[in-house]
Amino acid sequence: MPSVVNSSLLPESLRDDFPILHQTVHGERPLVFLDSAASSQRPQQVIDAVSRVYEHDYANVHRGIHVLSERSTDAYEAARTKVQKFIGAKYDHECIFTGGTTASINAVARSWGDANIKAGDEILLNPMEHHSNLVPWFQLAERTGAVIKHIPLTDDGRLDLSQLDDVLTEKTKVVAVTHVSNTLGTVNPIAELARRAHAVGAVILVDAAQSAPHLAIDVLALDVDFLAFSGHKMCGPSGIGVLYGKESLLSAMPPFMGGGSMIGNVALDSFTPAGLPSKFEAGTPPIAQAAGLGAAIDYLSEIGLDKVAAHEHALVERAYAGLSEIEGIKILGPSPEHRAGLVSFVLHQPHAHDIAQLVDQRGIAVRAGHHCTQPLHDSLGITASTRASFYLYNTPAEVDALVEAIQEVATMFKPTGRKRRPQ
Ligand code: 7TS
């Protein structure tokens with residue numbers, strides 16, 4: 001189990017749990033991994049849990065009456081109970097295993113959406129959403145004739161709640177919103193949005209891809225109807241995610257995939273669905289991945305999400321302060337008090353992809369591009385940005401290495417003559 005300290009900053013010894021971090025790249029450059037918002041790394045405890053399933057316990061779940069199937073089934077269902085506790089859900093059958101956040105959101109848009117949305121109904125989104133929380137709703141609108149509306153953003157990249165009454169009305173049937181923006185870092189006020197959505201009779205779906213790994217979540221306290229997140233961003237395996245839904249909503253929804261495991265009974269031309277959660281888990285599920293996700297939840301819970309959040313907050317404050325000093329930089333999104341542990345920015349020059357390549361030569365891994373938030377980048381008048389994202393294993397020294405590298409790149413490309421506007 002990881003060692004824990006009482007201060008807000010986590011101990012550097014925690015890095016020892018992550019074998020992948022202990023390597024040099026491009027010669028003798030120590031790897032500085034600042035791309036956890038895309039996918040995090042995983043500790044030995046998680047790698048061991050996955051290996052243990054394959055080495056010792058693996059069989060298909062919920063079907064074989066033999067010892068390995070029983071062990072696999074126990075591990076799979078134990079992981080579900082861990083997810084339930086992790087997000088504070090009332091019942092474990094409200095936690096459906098999916099392939100990831102994208103799969104979870106698509107499932108709601110397909111199943112709940114097709115059953116509940118009709119022409120003229122409104123779907124409330126906002127420009128900071130990841131494509132995964134936009135496109136499934138656009139597709140639903142295309143299928144049904146529903147209307148897409150957006151909550152406008154403030155200049156500093158927060159939801160402009162002063163304009164919420166204009167777009168959240170009796171016509172609104174669903175509010176789909178990210179908890180934390182993967183580009184701006186903004187932390188959105190989910191409890192307030194849930195209250196306002198419910199007041200007009202709408203349901204709220206929260207994209208927790210960037211919050212579940214970093215902040216303590218309590219779905220009952222937030223009173224959200226649906227919540228979606230991915231294992232691979234929270235120290236767990238790829239190929240598994242979670243869809244949480246309130247029992248009353250999930251029970252009324254039709255299955256979104258048909259096949260084995262999701263049935264109560266099948267005849268030659270008809271079927272009855274199984275109860276929750278099987279109804280939504282057709283086919284062989286991600287068995288070893290579930291055990292890995294359970295181990296990741298144990299790992300994060302042992303450290304404490306509050307400590308993880310405080311650690312990342314200290315890192316992002318340091319990065320924000322350091323990067324702000326660089327001439328010609330434009331940091332996207334709000335001040336550190338309103339953001340989680342990531343920072344995206346543009347320089348006068350060069351392009352984000354070149355920045356990422358130049359810092360990669362120094363061993364620093366960052367992401368460049370539109371980060372699947374093209375409408376947001378369009379609204380900011382840019383095509384791409386560079387993003388550094390932090391997790392529990394990052395250190396202040398790594399933040400300093402980033403700032404120093406970006407400073408060097410900015411100096412290398414300092415515009416001569418007439419001053420240019422940022423990209
Ligand atoms: N929602 C948000 C807010 C995300 O950041 C991502 C992935 C997704 C949904 C989709 O998650 P998936 O696990 O289904 O792929 N975000 C990123 C990113 O920022 N860079 O790479 C993936």
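We count ligands from 1, going down the list as the structure has it; atoms in each ligand are counted the same way. Just so it is clear, the structure is predicted and the values come from calculations on it, not from any experiment. One is the number of the first residue; the rest follow in order along the sequence. The figures here come from the full heavy-atom set of this structure, side chains too, leaving out hydrogens, waters and symmetry mates.
Residue, atom and distance of the protein heavy atom nearest to atom 4 (C) of ligand 1 are His130 CD2, 3.3 Å. Of all protein heavy atoms, the one lying nearest to atom 19 (O) of ligand 1 is Arg387 NH1, 2.6 Å. When only non-hydrogen protein atoms are considered, atom 2 (C) of ligand 1 lies nearest to Asp207 OD2, 3.4 Å. Of all protein heavy atoms, the one closest to atom 20 (N) of ligand 1 is Arg367 NH1, 2.5 Å. The protein atom (non-hydrogen) at minimum distance from atom 22 (C) of ligand 1 is Lys233 NZ, 3.3 Å.
Taking every heavy atom of Thr101 and a limit of under 4.0 angstrom, the matching atoms of ligand 1 come to 9 (C), 11 (O), 14 (O). Counting atoms of ligand 1 from 1 in the listed order, those under 4.0 Å from a heavy atom of Thr178 are 3 (C). Interface of Thr102 with ligand 1, defined as ligand atoms under 4.0 Å from a residue heavy atom, comprises 10 (C), 11 (O), 12 (P), 14 (O), 15 (O). Set against the non-hydrogen atoms of Ala38, the atoms of ligand 1 under 4.0 Å away are 18 (C), 20 (N), 21 (O), 22 (C). Distances below 4.0 Å separate heavy atoms of His232 from the following atoms of ligand 1: 12 (P), 13 (O). Those atoms of ligand 1 with a heavy atom of Ala37 less than 4.0 angstrom away are 17 (C), 18 (C), 19 (O). Atoms of ligand 1 lying under 4.0 Å from at least one heavy atom of Ser132, given by number and element, are 9 (C), 10 (C).
The closest approach between any non-hydrogen atom of His131 and ligand 1 is not below 4.0 Å.
Under the 3.5 Å distance criterion, the side-chain polar atoms of Ser251 are left unmatched by any main-chain donor or acceptor of Ser248. A donor-acceptor pair is defined here as one N or O able to donate and one able to accept, closer than 3.5 Å; such a pair exists between the side chain of Arg339 and the backbone of Leu342.
Considering backbone and side-chain atoms alike, His371 places every N or O at 3.5 Å or more from each N or O of ligand 1. Checked by distance only, ligand 1 and Ser230 come closer than 3.5 Å through their nitrogen or oxygen atoms. In terms of polar-atom proximity, defined here as any N/O pair under 3.5 Å, Gln210 does make such a contact with ligand 1.
The distance between the ring centers of His131 and His370 falls below 6.0 angstrom. The ring of His371 has its center no closer than 6.0 angstrom to the ring center of His130.
Only one option out of Asn133, Thr178, Ile151 pairs with Met128 in a side chain to side chain contact (heavy atoms under 4.5 Å, CB included); it is Thr178. Among Thr386, Asn394, Ile364, the single residue meeting the side chain to side chain contact (heavy atoms under 4.5 Å, CB included) criterion with Leu402 is Ile364.
The pair Lys118-Asp121 meets the salt-bridge criterion, with a side-chain N (NZ, NE, NH1 or NH2) lying under 4.0 Å from an Asp/Glu carboxylate O. Lys90 has no carboxylate O lying under 4.0 Å from a charged side-chain N of Glu94, or vice versa, which leaves the two without a salt bridge. Between Asp166 and Lys149, none of the side-chain N atoms (NZ, or NE/NH1/NH2) sits under 4.0 Å from a carboxylate O, so this pair counts as no salt bridge.
Note: Tyr58 and Tyr54 have tilted aromatic rings, judged against thresholds of 30 and 60 degrees for the angle between ring planes.
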